[in-house]
Structures are given as structure tokens and as C-alpha cells.
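Structure in C-alpha cells, see below.
Bear in mind that the values here come from a model prediction, so they are computed numbers and not experimental data. Chain A is the first sequence line, chain B the second, and so forth, proteins listed ahead of strands; every chain is numbered from 1.
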There are 2 protein chains.
Amino acid sequence: MSKNKPQNPACADKLKTLADSTRLAVLEILMEGPKHVTDLNTVLGLDQSLLSHHLKVLRDAGLVKAVRDGKAVLYSLAPGVDLSQTGKSINLGCCQLNFD
Amino acid sequence: MSKNKPQNPACADKLKTLADSTRLAVLEILMEGPKHVTDLNTVLGLDQSLLSHHLKVLRDAGLVKAVRDGKAVLYSLAPGVDLSQTGKSINLGCCQLNFD
DNA sequence: TTTTGATATCAATAATATTTCATATGAAAA
DNA sequence: TTTTCATATGAAATATTATTGATATCAAAA
């Protein structure tokens with residue numbers, strides 16, 4: 001027998017985006033409000049390129065949005081995702097996560 | 001520069017366990033109540049060995065528990081994890097997920 | 001006490017994701 | 001307009017994870 005990969009791949013994929021300590025840290029920081037990449041990296045202390053790659057993963061997943069601000073770029077949680085008025089939580093559409 | 005892998009690896013690792021469509025499906029089924037492996041696989045339709053591997057990942061993460069029942073094995077959500085009275089949700093310790 | 005049914009494990013391979021390194025781009029400052 | 005600062009991107013190297021296939025285990029039934 002063999003008929004693999006079943007249901008709900010969409011939700012699993014979204015969770016995959018969160019399932020990385022760097023990206024999770026980025027999201028937790030952004031739950032406090034928008035931040036420039038430099039500020040993110042002050043706390044994360046990563047190789048510049050690596051952080052940039054992770055930010056791309058988050059952008060591609062629609063979890064964050066980026067707007068240019070002078071020579072910097074300002075990141076924030078994407079609109080539908082941000083549930084920070086309801087405590088530290090994130091809406092993935094298929095499910096929501098609460099960190100409290 | 002290079003001083004990678006920062007904070008919260010524990011939570012990221014738990015999310016990693018969920019971030020797979022098969023395992024997510026297993027958990028969603030178990031939110032309805034305990035099931036034998038055979039019953040899980042009636043709905044999942046996987047290679048026996050593959051399902052067994054995924055169940056091991058879930059066991060190792062402490063998300064499910066398994067008890068032998070005759071020649072079968074009965075799986076259920078691990079005690080602290082099961083929040084199914086509060087709706088379809090799961091407690092990972094570091095955060096909780098709600099699927100509603 | 002062998003066979004069968006249900007599940008688990010192990011070793012190998014395949015598929016994916018992360019990290020690094022070098023280089024590119026856009027915007028302001030000199 | 002060149003240099004510098006902040007960030008992004010592409011390609012290659014690593015690392016991690018998932019899948020397959022063969023075999024082992026454990027319990028009940030024959």
C-alpha cells in the first residue's frame with residue numbers, strides 16, 4: 001500500500017513557518033509592535049543574511065508585512081494575523097496560537 | 001559574524017511536531033477521543049510503517065499516549081495536552097492552539 | 001507451539017529546510 | 001556621483017526530516 005500525504009496540508013504548512021526558534025522569536029517581538037530589521041537583530045544577534053532569509057519565509061507565508069522606511073525596513077505582523085489586543089496571540093486562519 | 005540559534009527552541013520544537021499534515025490529522029482525530037492505530041489508519045490511509053513512525057514522533061514529544069489493548073494499541077492525547085472540553089484545542093505548554 | 005494480526009523498529013534513501021558566503025539593490029549622506 | 005548603510009537575493013553546502021522496505025515483537029487464536 002502507499003497513498004501518502006493526506007488532509008490539511010495548508011495548516012501544517014503555516015505551522016511549519018512558526019516551527020523555528022528564530023521565526024518564532026521574530027513573531028514574538030513583533031507582537032509588541034513594529035520593528036526595524038536592525039532592532040530585531042539587536043535582540044536576535046544573527047548573521048544578517050540569515051535573518052533576512054527567515055524574514056522572507058515569514059513574508060511569503062503572509063505572517064508579516066514589510067514597508068521601507070528610509071534606508072531601513074519596518075516589519076510588523078500582517079493585519080489578519082495580529083491578535084495582540086487579545087493577549088499574545090496569532091491567527092493563522094486555520095487555527096490560532098496563544099502564548100500566555 | 002555568526003552566533004546563531006537563539007531563544008525558545010523548546011516551543012519551536014513542539015510546534016515542529018505539529019507542523020506536519022499527518023501528525024496534525026492524527027491529533028485532530030484524537031481530539032474526538034481515543035482511537036486504535038487501525039482506526040486512525042482507516043481515515044489516514046497510510047503505509048503502516050509510516051504512520052507508526054509519525055506516532056513515535058508524537059509519543060516522543062509527549063503529545064499522545066499509547067496503551068496496549070489486546071493485539072492493538074490505543075492512542076489518546078496526553079493528559080496535559082488535551083483541552084478538548086474547551087473546544088478543539090491543544091496545550092503545548094509554551095502555547096496553546098485552537099482550531100475552531 | 002505455530003500461525004496470524006497489529007504494531008514497532010532499523011537501516012537506507014529521498015525530500016526539504018537551514019545556514020553560509022558572495023554579491024546585489026535601494027536610499028540617504030558625503 | 002561615489003560611498004556608505006541597511007537589507008535582500010542566489011547558489012552551494014549542511015543539516016534535518018520524511019518515506020520506504022525489510023524485519024522484529026507481542027499478543028491472541030488456531
Side-chain angles (χ1 to χ4, degrees), chain A residues 1-10 12-27 29-30 34-61 63-76, chain B residues 1-10 12-27 29-30 34-61 63-76:
Chain A
M1 185 200 269
S2 173
K3 40 182 157 169
N4 293 333
K5 273 304 162 195
Q7 48 267 91
N8 227 344
D13 284 353
K14 299 200 176 188
L15 287 170
K16 214 161 287 183
T17 305
L18 296 231
D20 173 276
S21 57
T22 298
R23 292 191 296 263
L24 197 53
V26 169
L27 291 173
I29 295 170
L30 293 182
K35 295 277 185 307
H36 292 112
V37 176
T38 298
D39 297 331
L40 289 173
N41 215 11
T42 296
V43 16
L44 297 172
L46 296 171
D47 194 271
Q48 181 276 314
S49 165
L50 181 55
L51 176 54
S52 199
H53 274 115
H54 281 297
L55 289 172
K56 177 170 174 44
V57 174
L58 289 167
R59 265 184 281 129
D60 289 352
L63 295 183
V64 304
K65 78 178 173 7
V67 315
R68 194 166 262 280
D69 176 18
K71 47 173 81 168
V73 174
L74 186 67
Y75 275 82
S76 43
Chain B
M1 184 200 268
S2 175
K3 37 181 159 170
N4 292 329
K5 272 304 165 195
Q7 46 268 90
N8 228 345
D13 284 354
K14 297 201 177 186
L15 287 170
K16 216 161 283 183
T17 306
L18 296 231
D20 172 277
S21 58
T22 298
R23 293 193 294 265
L24 197 54
V26 168
L27 290 173
I29 295 170
L30 293 181
K35 294 278 186 306
H36 292 111
V37 177
T38 299
D39 297 331
L40 289 173
N41 215 11
T42 295
V43 15
L44 297 172
L46 296 172
D47 195 270
Q48 181 275 315
S49 166
L50 181 55
L51 175 53
S52 199
H53 274 116
H54 282 297
L55 289 172
K56 178 170 174 42
V57 174
L58 289 167
R59 264 184 282 128
D60 290 352
L63 296 183
V64 304
K65 77 178 172 11
V67 314
R68 194 164 263 279
D69 176 17
K71 46 173 80 170
V73 174
L74 186 67
Y75 275 82
S76 42

Notebook entry, point to check: Got a sec, which residues hit side-chain hydrogen bond (donor to acceptor under 3.5 Å, both in side chains) with A/Arg59, two or more places apart in sequence or on another chain?
Noted result: A/Tyr75
Margin query: Please enumerate all residues that pass side-chain contact (heavy atoms from CB on, under 4.5 Å) together with B/Thr38, with sequence neighbours excluded.
Written below: none
Note to self: Holding to side-chain hydrogen bond (donor to acceptor under 3.5 Å, both in side chains), I want the full list of residues that pass it with B/Lys65, two or more places apart in sequence or in another chain.
What the structure shows: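 Per chain and number, B/Lys65 pairs via side-chain hydrogen bond (donor to acceptor under 3.5 Å, both in side chains) with B/Ser76.
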Next item on the list: Starting from C1' on D/dA6, measure out to CG on A/Asp47 and report it in whole angstrom.
Entry: 14 Å
Checklist line | Side-chain touch B/Leu63/B/Leu18, heavy atoms, less than 4.5 angstrom | finding: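 Side-chain contact under 4.5 Å: yes.
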Check: Could you state the CZ-P distance from A/Arg23 to C/dT19, rounded to the nearest angstrom?
Finding: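 My rounded result for the distance is 8 Å.
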Item checked: Results of side-chain hydrogen bond (donor to acceptor under 3.5 Å, both in side chains) for A/Lys71 - residues two or more places apart only ->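 Counting only residues at least two positions away or on another chain, A/Lys71 forms no side-chain hydrogen bond (donor to acceptor under 3.5 Å, both in side chains).
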Note to self: How would you summarise protein contacts on nucleotides 5-13 of chain C per nucleotide, using B for base, S for sugar-phosphate only and - for none, with heavy-atom distances below 4.0 Å?
What the structure shows: SSBBBBB--
Notebook entry, point to check: Can you name the residues that form a side-chain hydrogen bond (donor to acceptor under 3.5 Å, both in side chains) with A/Asp69, not counting sequence neighbours?
Noted result: A/His36
Checklist line | Whole angstrom value for the distance that separates C1' of D/dA18 from NZ of A/Lys16 | finding: 9 Å
Checklist line | Phosphate contact (C/dT19 OP1 or OP2) by A/His54 side-chain N/O below 4.0 Å | finding: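 For C/dT19, OP1/OP2 do have a side-chain N/O of A/His54 under 4.0 Å.
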Item checked: Residue mapping more 5' on DNA chain C - nearest nucleotide basis, A/Ala19 or A/Asp69 -> A/Ala19
